There are 4 protein chains.
Amino acid sequence: MPNRPSAPPARDPASSPAEEPVRRRPMGGRPRDPQIDGAILGAVRALLAEEGYAKLSFETVARRAGVTRPTIYRRWSSKAQLVHEAVFPTPGHAPLIPDTGDFAADVRRMVATTVASYSRPEARAALPGLFGDLHDRPDLRATVIDGLETRVREHFRSLVAAAVARGEVRADADADVVFDALMGAVFNRTVVRGDMSEAFVEGLAGVVVEGVRGRE
Amino acid sequence: MPNRPSAPPARDPASSPAEEPVRRRPMGGRPRDPQIDGAILGAVRALLAEEGYAKLSFETVARRAGVTRPTIYRRWSSKAQLVHEAVFPTPGHAPLIPDTGDFAADVRRMVATTVASYSRPEARAALPGLFGDLHDRPDLRATVIDGLETRVREHFRSLVAAAVARGEVRADADADVVFDALMGAVFNRTVVRGDMSEAFVEGLAGVVVEGVRGRE
Amino acid sequence: MPNRPSAPPARDPASSPAEEPVRRRPMGGRPRDPQIDGAILGAVRALLAEEGYAKLSFETVARRAGVTRPTIYRRWSSKAQLVHEAVFPTPGHAPLIPDTGDFAADVRRMVATTVASYSRPEARAALPGLFGDLHDRPDLRATVIDGLETRVREHFRSLVAAAVARGEVRADADADVVFDALMGAVFNRTVVRGDMSEAFVEGLAGVVVEGVRGRE
Amino acid sequence: MPNRPSAPPARDPASSPAEEPVRRRPMGGRPRDPQIDGAILGAVRALLAEEGYAKLSFETVARRAGVTRPTIYRRWSSKAQLVHEAVFPTPGHAPLIPDTGDFAADVRRMVATTVASYSRPEARAALPGLFGDLHDRPDLRATVIDGLETRVREHFRSLVAAAVARGEVRADADADVVFDALMGAVFNRTVVRGDMSEAFVEGLAGVVVEGVRGRE
DNA sequence: AGATAACCGAGACGGTACGTCCCGTCTTACC
DNA sequence: GGTAAGACGGGACGTACCGTCTCGGTTATCT
């Protein structure tokens with residue numbers, strides 16, 4: 001969570017300081033009101049769903065959450081980081097699907113999971129906005145893309161490797177190509193066009209799995 | 001081009017007024033300076049490439065183009081329409097690739113054409129911004145999506161149908177699924193991640209073509 | 001009225017440009033909403049009376065007047081100038097009393113006039129605030145002091161001179177000393193202590209007039 | 001000195017607890033560092049002289065005095081009280097002039113004393129600011145006005161009474177009117193206009209003394 | 001001697017207000 | 001009627017300071 005201008009509260013004195021270099025604030029100071037974080041993030045989600053990314057501003061969020069702008073600036077330094085944390089509460093917001101030994105079924109479930117996440121109104125509004133704000137901001141780019149897909153992509157690579165080992169997938173298959181085809185299609189249908197369907201998920205998974213099927 | 005707030009020039013006196021109700025301006029008045037359109041659209045492309053969608057505004061465009069803001073507002077009623085016309089000069093900005101009888105090669109060429117278009121700096125900056133501005137604006141949504149892909153998608157359907165007839169593609173293949181997988185992957189790699197490569201194009205076309213190959 | 005950041009409207013084309021170098025705006029531009037000036041100045045007076053000078057800010061005035069802060073900044077560049085114009089609508093807010101030939105009566109009337117002006121709640125709140133804001137701001141000092149007393153002081157000098165000529169006042173009387181004694185006493189009683197009375201006006205005028213009475 | 005938010009030090013164990021309900025702190029605890037009071041008040045005077053009342057804040061005082069803001073808040077509950085104590089260290093900051101038997105001379109000395117006090121840069125900066133902060137704060141108003149003039153005013157009444165007894169001043173003279181004329185004129189010239197002079201003191205005292213001279 | 005309690009410094013909190021930039025609009029003068 | 005010039009009123013920005021609160025460490029008084 002490198003998106004906070006200053007360190008987060010993290011005031012737990014019982015956390016073991018030896019095994020993990022917990023970035024705790026050096027000392028005193030009034031602790032943050034923990035309710036405010038929730039109010040702000042909730043306001044962000046509501047505004048995204050109702051008004052879209054463009055009309056969301058620190059000002060409108062503050063009004064909606066019943067706090068003042070500096071209170072938000074203390075926690076998030078840009079609209080993109082604020083939206084990212086509100087919509088995709090890092091990390092692990094995309095739960096990794098288990099390897100069941102059936103590659104086709106696993107792909108279908110992975111696609112369905114992504115569809116569910118991207119179909120949320122706040123996600124539909126947030127994703128293009130976030131992508132648009134990445135221009136010439138490498139740190140933000142890393143944060144957003146990492147949060148969205150890096151873990152899932154790496155997990156998918158291991159799924160493919162296992163499927164190759166089982167003979168379900170041919171050895172020269174490029175997991176990244178498959179992953180981008182799946183995710184890109186989901187983004188296009190769910191976020192941009194807004195006409196995603198279960199049939200589409202089936203068809204997509206079918207084509208792609210067939211495209212990498214191992215030769216007997 | 002339904003994106004002009006007031007009537008476009010359309011002063012062609014040779015157009016037959018009978019067969020088509022050409023919306024011509026009522027009469028007289030100073031005609032628009034045709035050079036100004038080009039200056040504005042050029043400024044838009046330059047600003048997109050240099051500063052990104054977020055920092056582009058009517059104000060910055062006006063300054064860059066040496067024009068006043070009202071002059072731009074007279075021609076385009078929103079930033080999205082202005083950017084859309086500057087980056088994807090409708091229609092036919094995406095030339096349809098011919099059907100050579102080799103489905104795999106045609107797919108590869110179609111993907112390459114899209115990659116070329118999306119790789120332009122102004123397109124990379126514009127696309128997520130445009131998608132983000134579509135929230136709750138159905139007219140704009142239709143305009144943008146139509147301009148971007150509808151003609152290409154329909155053309156692709158005919159390519160697939162021909163390939164099915166030739167036995168290259170199996171009969172139950174869903175052209176739209178394939179199209180979205182291709183376009184989504186290109187968008188993801190080219191616009192969002194920015195690490196598109198020729199190898200990826202090859203791999204992508206390979207997987208997808210294999211996924212719909214006709215059974216012998 | 002040198003207290004406006006940019007030139008005031010002054011768009012009257014009939015004003016003779018020869019006899020007076022009217023500072024008119026060079027040219028076009030949307031004219032100011034004339035109602036807004038009144039709304040702002042009224043809000044200032046109300047806030048002064050209710051909350052005092054210290055709690056009055058551009059922000060509170062804007063809220064009360066139903067306008068935004070930049071609208072006020074366009075018209076007045078500092079709180080002191082805004083308050084000054086609201087409470088003492090320059091110039092001539094202090095009407096000069098006529099010379100009736102009875103010096104004692106004229107003094108009494110001049111004092112009463114000042115008492116009436118300083119007794120307004122907005123004036124009571126504004127005066128010490130204005131004085132306090134004059135620290136190291138010579139231009140503002142000149143504006144405020146001029147607006148408040150210069151004309152009146154000069155008029156009073158002529159009253160004294162006339163009274164000297166009539167023998168009512170002795171020749172070596174210093175009009176400025178008398179003026180400051182009168183005005184200072186009124187300020188003290190009306191603004192600071194807030195226990196002004198008619199008897200005090202009588203007593204004050206009596207002592208001072210007696211103090212400069214001509215010897216027979 | 002009712003201006004301390006919590007109990008003042010008042011730790012003098014010799015003060016008789018019977019005859020006066022000295023508000024002593026209930027019990028132990030670390031005593032206040034007596035040097036800090038001086039550092040704060042000195043910083044206030046310096047800041048007043050250099051920057052004026054408006055720019056003085058608990059923050060700037062704390063920085064200047066090398067102290068933290070809460071340390072000041074523990075001692076004074078408002079800027080006005082802090083400034084008042086720094087500039088007019090109550091009580092008796094205005095030493096009463098003795099009755100020499102020469103009313104005119106005593107008046108001149110009283111005026112000169114006031115001029116000397118009000119001419120201090122910190123006093124010139126403080127006075128209008130203090131007056132401005134009295135709006136709707138009766139306790140503060142009493143404190144400030146009492147500290148500034150009540151004792152002097154009462155002493156002046158006794159001077160006038162003695163002068164009446166001696167025949168120097170006529171019997172119906174209103175000491176308060178005279179006092180306000182003197183003090184108001186001094187305030188106006190010294191604090192507001194800043195052009196006080198010895199000649200003005202002479203002239204002022206002369207006019208006023210003449211104004212109440214006893215008839216032979 | 002230990003417990004208690006207030007102090008001070010440090011530092012962050014949530015809120016008010018600041019002064020500025022930009023938005024989209026409107027008006028005038030001119031062409 | 002289009003254009004340049006230019007100001008309007010409003011939305012939002014990012015920051016400075018306000019008065020308060022919490023902490024850790026200190027220093028006295030009271031049991």
Side-chain angles (χ1 to χ4, degrees), chain A residues 6-7 9 11 13 25-33 36 55-63 66-75 77-79, chain B residues 6-7 9 25-33 36 55 57-60 62 66-75 77-79, chain C residues 6-7 9 11 13 25-33 36 55-63 66-75 77-79, chain D residues 6-7 9 11 13 25-33 36 55 57-60 62 66-75 77-79:
Chain A
S6 58
R11 197 188 277 262
R25 282 190 307 180
M27 269 191 23
R30 173 172 165 181
R32 288 195 179 141
D33 183 336
I36 287 185
K55 289 194 181 173
L56 180 143
S57 65
F58 277 69
E59 171 73 21
T60 55
V61 172
R63 216 141 46 205
V67 302
T68 60
R69 247 178 306 127
T71 297
I72 309 180
Y73 279 109
R74 232 169 259 122
R75 291 164 161 82
S77 59
S78 76
K79 173 174 161 180
Chain B
S6 59
R25 284 187 309 173
M27 263 191 27
R30 173 174 169 177
R32 282 189 182 155
D33 182 339
I36 288 184
K55 289 193 181 173
S57 67
F58 279 63
E59 168 75 21
T60 55
V67 157
T68 59
R69 248 179 304 145
T71 299
I72 309 182
Y73 279 108
R74 237 170 258 120
R75 289 165 161 81
S77 60
S78 77
K79 173 173 160 179
Chain C
S6 59
R11 198 187 276 262
R25 282 190 308 178
M27 269 189 25
R30 172 173 166 181
R32 288 196 179 141
D33 184 335
I36 287 185
K55 289 195 181 171
L56 180 143
S57 65
F58 277 68
E59 171 73 21
T60 54
V61 172
R63 213 140 50 203
V67 302
T68 59
R69 248 177 305 127
T71 298
I72 309 181
Y73 280 109
R74 233 169 257 123
R75 291 163 161 81
S77 59
S78 76
K79 174 173 158 180
Chain D
S6 59
R11 197 185 277 264
R25 286 184 308 174
M27 268 189 23
R30 174 175 171 176
R32 285 188 182 150
D33 183 339
I36 288 183
K55 289 194 181 172
S57 67
F58 279 63
E59 169 76 21
T60 56
V67 158
T68 59
R69 248 180 303 148
T71 299
I72 309 182
Y73 279 107
R74 244 172 246 121
R75 289 165 162 81
S77 59
S78 77
K79 174 173 159 180

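Order of the sequence lines fixes the chain letters, A, B, ..., with proteins taken first and strands second; residue numbering starts at 1 for each chain. Keep in mind that the numbers below use all heavy atoms, side chains included, and drop hydrogens, waters and symmetry copies. Computed from a predicted model, the values in this text were never measured in an experiment.
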message: Just the rounded figure in Å: distance from P of E:dC7 to CZ of D:Arg75.
response: 8 Å

message: Can you tell me which nucleotide in E:dC8, F:dA4, E:dG14 comes closest to the side chain of B:Ile36?
response: F:dA4

message: Return a single string for nucleotides 16-21 of chain E, one symbol per nucleotide in 5' to 3' order, where B is base contact, S is sugar-phosphate-only contact and - is none, cutoff 4.0 angstrom on heavy atoms.
response: BSBBBB

message: Please check this pair: side chain of D:Arg32 against backbone of D:Arg74, looking for a donor-acceptor N/O pair closer than 3.5 Å.
response: yes

message: In this structure, how many angstroms lie between the C1' atom of E:dA6 and the CG atom of D:Asp33, rounded?
response: 13 Å

- prompt: Within the structure, does a side-chain N or O atom of C:Thr71 lie under 4.0 Å from either OP1 or OP2 of F:dG10?
  reply: yes

field: Exercise: identify the closest heavy-atom pair between A:Lys79 and A:Phe58
entry: N-CE1, 3.4 Å

message: Does A:Arg30 contact E:dC13 through a side-chain donor or acceptor facing the base, at a distance under 3.5 Å?
response: yes

- request: Calculate, to the nearest 0.5 Å, the distance between atoms OG1 and CD1 belonging to C:Thr68 and C:Ile36 respectively.
  value: 8.0 Å

- request: Taking side chain to side chain contact (heavy atoms under 4.5 Å, CB included) as the test, write out the residues that go with C:Arg63, two or more places apart.
  value: C:Glu59, C:Thr60

